[in-house]
Amino acid sequence: MALSAMVLTTGCTSSDASGGDAKTAAAVPAGFPVTIGNCGVRTTYDKPPSRVVTIHQHPAELMLALGLKDRMVGTAFPDSAVLPELKKDYEAIPELAKKEPSFERILDAGPDFVYGGYGSAFAENEGRSRKAFADAGIDTHLNREYCGEKRVTMKDTYDEIRTIGKIFGVPDRADELVAGLQARVGKTITAVKGTPRVSVFVYDSGDKSAFTAGGKSLGTELIRLAGGENVFADLDDVFGDVSWEQVVERKPEVIAVYDYAGAGSVREKEKFLLSQPALADVPAIRNKRFVVLPLTATLVGIRSAYAVEDLARGLHPESFR
């Protein structure tokens, strides 16, 4: 999507030609300055950032979906295949690191804005605190999912998109993107309306115990919107460990396997689950019912709407024939 020309407030009159007021007015894009509160950090933007480094994949995809490729000077930490429609643009941006880049490597890219997906983007013990960037004259933004304040919902996804749209002076694009994602979710909800709820266990990783999505995770809401019920929705956290005995007791009908780099392949995860004698009588294991979701699709970003549809197709295939 080509970027439209930025509208400037010129305020020109015949007397402005020789004065400084016209220059000041012309330098401020329409809608600015903008003040944003983000995870305890308050930032005022006099103009949209022009050199952006994203850390983690979901912020990069959100930026690209808003048509902001030409503002991006670096990405880092890809953890799944990029959405096909964004792949070409994503690959055109320099990749700074396979994981979180060092503070120095980020500075080398010359950004004026760093957008992090997980809290680890701004790990103080690795020299990447938000204060360190501020001291270097660089603004930062952390995906709201990691502000640690509340349960994460689809509203957070829509609010995050609109916030980034406001920071970059493209609120209309953000509204259009949100409307499209809401329509996608609405279509799925309609497709599964009236179907019985399917019990779902999220398997992220783990062998001695299971690391799963809790009630505060966006994953729990995605499952609900897709016509399912997270069997560990009562776990009062975004993620947490549960025992295999608990999994057996809750008898999930489907297992949603989270797919991401560094945690074993989906095939390895499924093979592990199917090989456990204690799980043999769990309905999902007995019927080999698995749904695979890229981890990035379960985070606050543009993929969550896609995840609702993918989940629904796995939980209620009869609704999509």
Side-chain angles (χ1 to χ4, degrees), residues 57-58 61-62 65 79-86 145 151-161 176-204 210-235 238-239 247 250-260 266-267 269-270 273-274 282-321:
Q57 188 172 331
H58 47 302
E61 291 188 335
L62 196 161
D79 58 17
S80 60
V82 178
L83 282 173
E85 59 266 38
L86 301 177
E145 185 167 0
R151 184 183 306 273
V152 185
T153 69
M154 284 298 291
K155 182 178 183 300
D156 290 294
T157 288
Y158 304 140
D159 287 348
E160 180 77 1
I161 292 169
E176 183 179 355
L177 179 57
V178 167
L181 296 177
Q182 288 175 324
R184 180 181 287 268
V185 172
K187 186 177 179 181
T188 301
I189 291 172
T190 298
V192 301
K193 187 176 181 180
T195 58
R197 292 261 158 191
V198 176
S199 58
V200 181
F201 160 57
V202 172
Y203 180 58
D204 178 289
F211 191 56
T212 191
K216 289 186 176 180
S217 70
L218 181 58
T220 292
E221 173 151 306
L222 301 182
I223 291 169
R224 181 183 62 78
L225 293 171
E229 193 74 38
N230 180 1
V231 295
F232 289 105
D234 60 338
L235 180 63
V238 176
F239 281 96
V247 176
R250 302 196 182 196
K251 302 177 181 178
E253 299 166 86
V254 173
I255 296 176
V257 179
Y258 281 5
D259 182 22
Y260 58 99
V266 169
R267 178 66 189 132
K269 290 181 179 182
E270 291 181 356
L273 293 170
L274 291 168
V282 170
I285 296 296
R286 190 170 61 244
N287 298 317
K288 296 183 179 179
R289 289 193 67 186
F290 297 98
V291 178
V292 178
L293 285 179
L295 181 62
T296 49
T298 70
L299 304 171
V300 169
I302 63 167
R303 290 211 191 194
S304 50
Y306 292 74
V308 173
E309 181 180 351
D310 291 342
L311 269 169
R313 287 181 180 275
L315 303 184
H316 301 284
E318 69 283 353
S319 297
F320 296 89
R321 288 174 185 154

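Separation of atoms CZ (Phe201) and CZ (Arg250) is listed at 11.0 Å; rounding is to 0.5 Å. Distance check, rounded to the nearest 0.5 Å: CD1 of Ile189 to CZ of Arg184 gives 13.5 Å. Considering CD1 of Ile223 and CG of Leu311, their distance stands at 6.0 Å, rounded to 0.5 Å. Taken to the nearest 0.5 Å, the NE2 atom of His316 stands 11.0 Å off from the OG1 atom of Thr188.
Counting all heavy atoms, side chain and backbone alike, Ser217 lies closest to Ala213 at OG-CB, 3.5 Å. In plain terms, the two heavy atoms of Ala312 and Ala226 that are nearest each other are N-CB, 3.5 Å. Here the closest non-hydrogen pair linking Leu315 and Gly227 is CD1-C, 4.2 Å. The minimum heavy-atom distance linking Val291 with Gly314 is given by the pair CG2-CA, 3.7 Å. Thr195 and Ser319 get closest at one heavy-atom pair: CG2-OG, 3.6 Å.
Checking side-chain atoms of Lys269 against main-chain N and O of Asp204 turns up a donor-acceptor pair under 3.5 Å. For Glu221 (side chain) and Met154 (main-chain N/O), a donor-acceptor pair under 3.5 Å exists by modelled atom type. Arg224 places no side-chain N or O within 3.5 Å of a backbone atom of Glu229 that could act as its donor or acceptor partner. Not a single donor-acceptor pair under 3.5 Å links the side chain of Thr220 to the backbone N or O of Lys216.
Residue pairs that meet the side chain to side chain donor-acceptor pair (under 3.5 Å) test with at least one member in residues 289-307, sequence neighbours left out, are Glu61-Arg303, Ser80-Thr296, Glu85-Tyr306, Thr157-Ser304.
In terms of the side-chain hydrogen bond (donor to acceptor under 3.5 Å, both in side chains) criterion, Asp259 has no residue partners (sequence neighbours excluded). With sequence neighbours excluded, the residues forming a side chain to side chain contact (heavy atoms under 4.5 Å, CB included) with Val178 are Tyr158, Ile161, Arg162, Gln182, listed by chain and number.
With contacts defined as side-chain heavy-atom distances shorter than 4.5 Å, the pair Asn230/Val200 does not qualify. Considering only heavy atoms from C-beta on, Leu83 comes within 4.5 Å of Ile302 through its side chain. In this structure, the side chains of Ile255 and Glu270 stay at 4.5 Å or more apart for every pair of heavy atoms. Proximity of Leu218 to Asp156: side-chain heavy atoms (C-beta onward) are nowhere separated by under 4.5 Å.
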task: Go through the steps for Leu273 and Val282 under the test side chain to side chain contact (heavy atoms under 4.5 Å, CB included), then give the verdict.
output: CA-CA 10 Å; Leu273 293 170; Val282 170; over 6 Å; no
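Relative orientation of the Phe239 and Phe211 rings is parallel, given thresholds of 30° and 60° on the angle between their planes.
Checked against Leu299 for a side-chain contact (heavy atoms from CB on, under 4.5 Å), the options Glu160, His58, Gln57 give a single hit: His58.
In this structure, a donor-acceptor pair under 3.5 Å is present between the side chains of Ser199 and Glu253.
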